[in-house]
Structure formats: C-alpha cells, structure tokens
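Below: one structure, written as structure tokens.
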Amino acid sequence: MAAGLWRAYQRLLSRHPWKVQILTAGTLVGAGDVISQQVVERRGLAGHSPRRTLKMMAVGFCFVGPVVGGWYQVLDRLVPGRTRLAALQKMLLDQGGFAPCFLGCFLLLVGTVNGLSLERNWDKVKRDYPDALVTNYYLWPAVQMANFYFVPLNYRLAVVQCVAIVWNTYLSWKANKQ
C-alpha cells in the first residue's frame with residue numbers, strides 16, 4: 001500500500017510539481033500543529049483548536065510551500081550540481097542566509113495571523129527567534145547536506161517537510177506559545 005501511495009505521489013509530482021509541493025507543505029505544517037497541540041501541549045481532543053491548525057495550514061500553503069520550493073529552485077541555479085562541494089555550498093547558503101530570514105518571517109507571519117498587535121508580535125519574535133534559530137542549527141545543516149547531495153530538486157521540499165513534521169511541531173508550539 002505504501003509503495004502504491006508513493007508511486008501515485010510521484011506521478012502527481014511529475015505532472016503538477018508546484019501544486020503538489022505546496023499541498024504537501026501545507027498539509028505537513030498542519031500535521032505538525034496537530035502533533036504540537038496533542039503531544040507537546042497535551043490539549044486533548046476537547047482542547048484542540050481546529051482554527052489554529054487551519055491557520056498553520058494556511059501559512060504552510062501560502063508561505064512555506066511557495067517560499068521554500070522557490071528557494072530550492074533559486075539555489076539550484078546559483079549552485080548547480082549534486083557533488084559534495086555543491087551540497088556543502090547549498091547548505092551554507094541555505095543555513096547562513098535563507099534560514100535566518102525565513103524563520104524570522106515565519107514567526108512574524110504566525111503572530112500576524114494570530115492577531116497580535118505589531119508591538120506584541122515584534123516582542124514575541126525578539127523573545128522566540130534566538131532560541132528557534134539555535135534549535136534550527138541543531139537539526140537542519142545535516143538534513144540539508146543529505147537533501148542537497150542525494151535528493152533530486154523536485155523531491156527536496158517533500159523530504160524536508162517529512163523531516164519537518166518534528167520541526168513544524170516545534171515551530172507551531174514556539175509560534176503559538178503565549
């Protein structure tokens with residue numbers, strides 16, 4: 001069954017790469033929020049906020065999927081190839097330039113979607129950003145090295161989003177923590 005789902009996913013991805021990548025990102029950001037609410041925050045079904053999950057999915061569909069998917073295309077044009085050196089260069093650009101900007105924008109966007117005032121949102125980002133960025137560096141450099149070295153471009157967002165279920169759980173908890 002899993003093999004059949006994988007083949008169906010590959011067919012859809014080859015026909016509609018942009019749409020499938022965006023749908024995958026939004027769905028997995030939503031899954032991260034569900035895990036955050038149920039496992040990390042232990043809200044239980046009665047305390048679960050479907051509205052929050054939908055907001056996080058919207059951020060995944062409208063921001064994470066398009067931005068990360070587009071970034072991988074730009075990165076492949078900047079540093080062509082899948083050699084070890086190319087993978088290292090891509091990882092350094094990704095983690096040194098893209099990740100800090102993306103993370104700050106993500107936190108600001110979630111605060112905005114959650115209705116925080118500009119001042120409260122900025123204070124929350126200043127409080128949460130340093131810890132989130134350091135946590136990012138524990139996980140993503142190794143993942144991205146493998147991703148850039150072994151994974152073809154059109155599968156990179158899906159691979160990252162599968163690993164990112166854990167990351168999305170953390171980010172959802174961090175971004176929605178009062």
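These values consider heavy atoms only, across backbone and side chains, with no hydrogens, waters or symmetry-generated copies. All values reported here derive from a predicted model rather than from experimental measurement.
- Counting non-hydrogen atoms of other residues, nucleotides and ligands closer than 6.0 Å to CZ of Arg120 gives a total of 12 or fewer.
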Could you go through the side chain to side chain contact (heavy atoms under 4.5 Å, CB included) check for Val143 and Trp140 one step at a time? CA-CA 5 Å; Val143 170; Trp140 288 110; 3.4 Å; yes
Tell me, with the steps shown, if Leu12 and Lys19 meet side chain to side chain contact (heavy atoms under 4.5 Å, CB included). CA-CA 9 Å; Leu12 281 171; Lys19 291 176 190 172; over 6 Å; no
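- Rounding to the nearest 0.5 angstrom, the gap separating the CG atom in Asp33 from the OG1 atom in Thr169 is 8.5 Å.
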Does the side-chain hydrogen bond (donor to acceptor under 3.5 Å, both in side chains) test come out yes or no for Ser49 and Gln37, once each step is laid out? CA-CA 8 Å; Ser49 170; Gln37 289 192 54; 4.9 Å; no
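- Distance CG/Asn176 to NZ/Lys55: 8.0 Å, rounded to 0.5 Å.
- From Arg51, atom CZ reaches atom CG of Leu54 across 9.5 Å, with rounding to the nearest 0.5 Å.
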Decide yes or no on side chain to side chain contact (heavy atoms under 4.5 Å, CB included) for Leu116 and Trp122, but give the supporting numbers first. CA-CA 9 Å; Leu116 295 181; Trp122 186 245; over 6 Å; no
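- With Tyr170 contributing its side chain and Ser36 its backbone, the two residues share no donor-acceptor pair below 3.5 Å.
- Taking hydrophobic clusters as Ile, Leu, Val, Met, Phe, Trp and Tyr residues chained together by side-chain heavy-atom distances below 4.5 Å, Val74 shares a cluster with Leu153.
- Of the possible donor and acceptor atoms, one in the side chain of Gln38 sits under 3.5 Å from a partner among the backbone N and O of Gly44.
- Between the side chain of Asn168 and the backbone N or O of Leu28 there is at least one donor-acceptor pair closer than 3.5 Å.
- In the hydrophobic cluster analysis, where Ile, Leu, Val, Met, Phe, Trp and Tyr join through side-chain heavy atoms closer than 4.5 angstrom, Val113 is grouped together with Tyr129.
- Residues that satisfy the ring pair (Phe, Tyr, Trp, His ring centres under 6.0 Å) test with Phe102, not counting sequence neighbours, are Phe63, Phe98.
- Leu23 and Val159 fall into different hydrophobic clusters, where Ile, Leu, Val, Met, Phe, Trp and Tyr are joined by side-chain heavy atoms under 4.5 Å apart, directly or via other members.
- Of all non-hydrogen atoms in Gln21 and Leu13, the two that sit nearest each other are CG-CD1, 4.0 Å.
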Side-chain donor-acceptor pairs under 3.5 Å in residues 75-86, sequence neighbours left out?
| from | atom 1 | to | atom 2 | distance (Å) |
| --- | --- | --- | --- | --- |
| Asp76 | OD1 | Lys90 | NZ | 2.7 |
| Asp76 | OD1 | Arg156 | NH1 | 2.7 |
| Arg82 | NE | Tyr149 | O | 3.4 |
| Arg82 | NH2 | Phe150 | O | 3.2 |
| Thr83 | OG1 | Ala86 | N | 3.0 |

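- Clustering ILVMFWY residues whenever any of their side-chain heavy atoms sit less than 4.5 angstrom apart, transitively, puts Leu107 in the very cluster that holds Val64.
- Looking at Arg127 and Asp123, their side chains never come closer than 4.5 Å, going by heavy atoms from C-beta outward.
- The shortest side-chain heavy-atom distance between Ser14 and Tyr9 does not fall under the 4.5 Å cut-off.
- Taken to the nearest 0.5 Å, the CD atom of Gln95 stands 8.5 Å off from the CG atom of Leu133.
- Summarising the geometry of Ala25 relative to Gly60, their closest heavy-atom pair is CB-O, 3.9 Å, with the distance given to 0.1 Å.
- Counting heavy-atom neighbours within 6.0 Å of Lys177 NZ, excluding the residue itself, gives a total above 12.
- Between Phe106 and Ala175, the shortest heavy-atom distance links the atoms CE2-CB, 4.4 Å.
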I would like to know whether Asp94 and Trp71 meet side-chain hydrogen bond (donor to acceptor under 3.5 Å, both in side chains); could you show each step before the answer? CA-CA 9 Å; Asp94 182 68; Trp71 166 243; 2.8 Å; yes
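- Residues Pro17 and Arg15 approach most closely at CD-C, 3.6 Å, considering heavy atoms.
- Here the straight-line distance linking atom CG of Leu139 with atom CD of Gln144 works out to 9.0 Å at 0.5 Å rounding.
- No path of Ile, Leu, Val, Met, Phe, Trp and Tyr side chains, each step under 4.5 Å between heavy atoms, connects Val151 with Val163, placing them in separate hydrophobic clusters.
- When all heavy atoms of Trp167 and Leu103 are compared, the pair lying nearest together is CZ2-CD1, 4.3 Å.
- Few gaps surround CG on Leu5; more than 12 heavy atoms of other groups in view lie less than 6.0 Å from it.
- Residues Trp18 and Gln73 form a side-chain contact, since some pair of their non-hydrogen atoms from C-beta on lies under 4.5 Å apart.
- Once rounded to the nearest 0.5 Å, the distance linking CZ of Arg52 with OG of Ser172 reads 4.0 Å.
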Side chain to side chain contact (heavy atoms under 4.5 Å, CB included) evaluation trace for Asp131 with Lys174: CA-CA 9 Å; Asp131 182 50; Lys174 186 64 123 174; 2.7 Å; yes
